[in-house]
Every structure is written in structure tokens, then in C-alpha cells.
Amino acid sequence: MMKKSCCNNDMKYFEKPNAGLCDICHPAENKVSPMEAVAMCPPMGEPKLLTMMAPVVFDECGINLCRTVSFDALQDICDGEARKQCDILFGGLTKCDLANACKIQLQVVDIDFNFVDPMGNRYSEIQPAKCQPNLSRISLKDIDVTFAVSIIDSCCKVVKQGMMTLRYLGDDRDHAYDACTNPSCIAFDLYTPYGVSFAPENPTGCNKLVPTINFMGYVNSEQGRCSGSLEGFFEYPVNNTIQQGISAQALAKVVAADGCDNLAIGLTLYIKSIYFVQYKFKHEGLTVPPKLTPVNEEENNNCLDFVCGDLLEASIRPLEVGEDAKSIRDNNCQKNNVNTNTSRGCCDSNSGSNKCSCNTCRCGSSN
């Protein structure tokens, strides 16, 4: 339905019918009451289906990479020197820690795919596949992978933690280059029917937008600073989210160790095309989270009774009609001799203490 606005004849106003149904303000079938016309009557009843918007994986693929790491080639940027290379250590991790570790546990927290702000002629690209507009040809080069490293001793205890960034898919002159396990470039196609995501290449310049990959990692802060020096300053974008377009996840492990000089680190990349889609699902009722209770409390007061009692719940249940809220119970629980001490985490009523006792069925409030 279209209407012209009373204040601007050039604007078209769109509206949808109100979905409210109520026996009080809807006396006759197929008749809209004045209260419904102004959206005063909300929908009532328990629907069989609800609408949910969820991220859906339309296509995905995986690939394994592996490269060797020489301890001598790693640079500790927290020792006061400016960053001179791609393979670095920071966050308190040292070469000695890697050499003396019994086991090393790795977690991939960030990947720079080198789509935006390219520093040279080698950078990753996303382009439409030839004669296939719904496919995207992804070419990855010079990706920097940041790991959270845990050093584990012979007793399986974590004795040191720190960070490490390694360059994968470097050019053929890189010391870690290998045509089979760590080539200079990889390319593959991904089904992207709704398009890809973009990022500004140079926010302070012409603001060109280039296709990019969102890495779903574990970074929640905007930037970090090592030892307070400007030379060690570098940024990590917030990536602990799901976004539309092409996204990536990664896992890593140490696959081999050569004495105290080298490591071989394997990297698994999962590349996905993700889009938010609306779906209908069957409604089975709301969930109630379990409530934690304090331990060894001696004081007896109203606040303690509340802490030991039920969780607060709203009395309004818009998806349920004709029944009381969960926190409002009748006397049937007393007739059925329901013991609520265990379910509510209350103290034993036979312990001789009056605190937090549940001898009778309580209805969301202290007696």
C-alpha cells in the first residue's frame, strides 16, 4: 500500500498490515479494529515457526601448507631493534624458549592476507573467474601468520607463552620457499553468488575499495606496542567476528623438529564464503541458564537468600499463552513433595542452619 506524505508530496510512504490479533480489540473476523490500525494490539499466541538470521556457509575448501623455521632467522623485535624482516618473535618469547621446549602448542590468532596497502608488487588478489561470474578466483601471496605460542615442558606444564609471526607463500628467493609445501603463490576458485567483502586500500587517499578476506581469529584489541618504542609499533585489526563475504579460519601444529635449530610448522587454511540468510525454525521454548551458587557462606540475610534463590525472570511470556512464568508456581509442587534443595543449590535444611533453607516451595522470593 502506498500513501503520499502530508508534509512532502514527493515522498512515497510504504506500510505493511499489522499482524496483531486479539479477541478484545478484534471482535469480528477479517475486520481491523481502530486499536489494530495504530499497532496497539501485539501478536499473541505461541507460533510454531520463528525466523532466525544465521551465517550460512555456501562454499568452503581447505589447503595445507608447511614451512621450515630457522631459529637464527627469527628476529626478537622486543629487544629494542626495529623490525627488519617478516619472521619475528614478540610478547616475551625468545629463541632459547623454542630451542629448549619439550613441546610447542600453536594457536593462529591473525593472518594478514596482504590485500590492502600492498608494499610491493606481490599481493593477494580476488577476481571473478573467467566466464563464471558466480565464482571468485583467489590468489594468495605473502601472507603473514601470527601465532600464540605455548612452551610446554616434559611434565606437560605451560612454562612460557608468547607470540610469533611467520611469512607463508613468500617468493622463490625466500629461505622458506618450497615448490611443494610452501610455494610462492596458490590459487583456487570459490562459489560466491552474493559477492565478496571489500576494504579500503588507502583510507587517507582516494579510498579505493579492494576485495578482501575476513580472518576469523582471536584478536579483540585494535593495536599493540612492544616495549613502548615506535620502531616496534604494529597493528592487528579486530577479527573475532563473523562477516559476510569470504572468510578464513586456520589451525597450526609443529610437524617436525630438527634438534635445536629448526622447526617445521604446518598450517591448515579453511576458506569459506559466508552470507547471512533468514530461515524458519521450530520453536521449542526458551532455555534457562544454570545458576551458580556461593560456597561456605555463613552470614544470614536477605541478600544471601536472594543469591541462593532462583534467577530473576520476567513475568511476561510473549511466546506462551495461558501459563504462568517459570518463577510463579502454584501449590502443586508442595502437594507432589518436590524437593527443591538440590535443584536450586540451597543448603541442607537439616544442617541446623536457617540460611538459604528450602523446606517449602518458594515462588521466586524469600519467605
For atom [atom1] of [X], is the number of surrounding heavy atoms from other residues, nucleotides or ligands below 6.0 Å larger than 12?
X      : atom1 : value
Tyr177 : OH    : yes
Tyr194 : OH    : no
Phe188 : CZ    : yes

Side chain to side chain, [X] and [Y], heavy atoms closer than 4.5 Å:
X      : Y      : answer
Tyr279 : Leu49  : no
Tyr123 : Asn114 : yes
Pro237 : Phe215 : no
Thr165 : Asp112 : no
Thr212 : Phe113 : no
Thr192 : Asp59  : no

Could you grab the distance from atom CG of Leu74 to atom CG of Leu89, nearest 0.5 Å is fine?
4.5 Å
May I ask you to decide if [Y]'s main-chain N or O and [X]'s side chain share a donor-acceptor pair within less than 3.5 Å?
X      : Y      : result
Asn182 : Ala176 : yes
Asn239 : Tyr218 : yes
Asn64  : Gly266 : no
Lys141 : Asp171 : no
Gln161 : Ala148 : no

Would you say Leu269 ends up clustered with Val69 if hydrophobic residues are merged whenever their side chains have heavy atoms under 4.5 Å apart, either directly or through other cluster members?
yes
Note: Arg167-Asp142 ion pair, threshold 4.0 Å (strictly below)
yes
Partner of Leu93 by side chain to side chain contact (heavy atoms under 4.5 Å, CB included), out of Asp76, Ile88, Val149:
Val149
Parallel, tilted or perpendicular, as decided by the 30° and 60° cut-offs, for the rings of Tyr191 and Phe58
tilted
